[in-house]
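Below: one structure, written as structure tokens.
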Amino acid sequence: MSVWAVLAAAGSGERLGADRPKAFVRLGEQPLLAESLARLDESNWIDAIVVAAPPGWEEPAILLAEELGCGKVSACVTGGATRADSVRLGVAEVPSDAAVVVVHDAARPLLDDSVVERVVSALAEGWDGAVPGLPVADTVKRVDGELIVETVPRDALRVVQTPQAFVADVLRSALTGSDWTDCSAAVEAAGGRVRVVDGDPRLLKVTDASDLERVAALL
Ligand code: CTP
Ligand code: MG
């Protein structure tokens, strides 16, 4: 059974507002991308990796993979205009005999192998996909403009993260649909059964400069 990772790193990082795409902003001694790339490469659960790089940054991405000795990197593709496009372009490089695809965002650098284990091993139990999720700590309200319409019971809510693992064929056919925010939503919409497994609070997503500081402190 071969497990391929698609690392979505092609975003521009507008909200971070740096002079370069988010994946190449410095985190510790390395570009942000290095952390998730090295961790995926070291994972015993991952056989091969496809990186989706920002337009014009394919070469630096390949050089970084070489510098880090990431021998599992099989391809580096130019990402698309949206995350969905970048994931589609990355998945297109995954060979048809791959059993599982794990999609991860480079914006979540602190990837622990136990999360990869949880999402990949859930597929052996017959699920079409598995995603890490965390309980919602705050009270959640549904609003209509400024008016609170409802207090939403939060025990049935989860905030989901990446890495997200899918049966390769299921993901491939689901990605043809449009209008999804994460791969799981595409698979859910196509009728797939996706399991939520325990997420990891350290899998913070770097969106703005304060997130970058928080992640750097956890390195
Ligand atoms: N991503 C991608 N291709 C895009 C847009 C996003 O591969 N066209 C990736 C990002 O590189 C990131 C992940 O999807 O790893 C989550 O996206 P987000 O955090 O929104 O990153 P950016 O789109 O780069 O940031 P912003 O929305 O602030 O521009
Ligand atoms: Mg974005």
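Counting convention: from 1, in listed order, for ligands and their atoms alike. In what follows, every heavy atom counts, from backbone to side chain, and hydrogens, waters and symmetry copies are set aside.
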Can you list, by chain and residue number, every protein residue with a non-hydrogen atom closer than 4.0 Å to ligand 1?
Ala8, Ala9, Ala10, Gly11, Ser12, Gly13, Glu14, Arg15, Lys22, Gly80, Ala81, Thr82, Arg83, Ser86, Asp105, Ala106, Ala107, Lys205

Between Trp180 and Leu175, is there a side-chain heavy-atom distance shorter than 4.5 Å?
yes

With distance as the sole test, does Arg142 use its side chain to make a donor-acceptor pair with the main-chain N or O of Glu150 at under 3.5 Å?
no

Residue pairs meeting ring pair (Phe, Tyr, Trp, His ring centres under 6.0 Å), one or both in residues 47-80, sequence neighbours left out, come to Phe24-Trp57

Can you list every pair that meets salt bridge (charged side-chain N to carboxylate O under 4.0 Å, His left out) and has a residue in residues 108-126, with sequence neighbours left out?
Glu125-Arg195

My understanding is that only residues two or more places apart in sequence, or in another chain, count here; which of them pass salt bridge (charged side-chain N to carboxylate O under 4.0 Å, His left out) with Asp208?
none

Pairing of Asp138 and Arg154 as salt bridge, 4.0 angstrom limit:
no

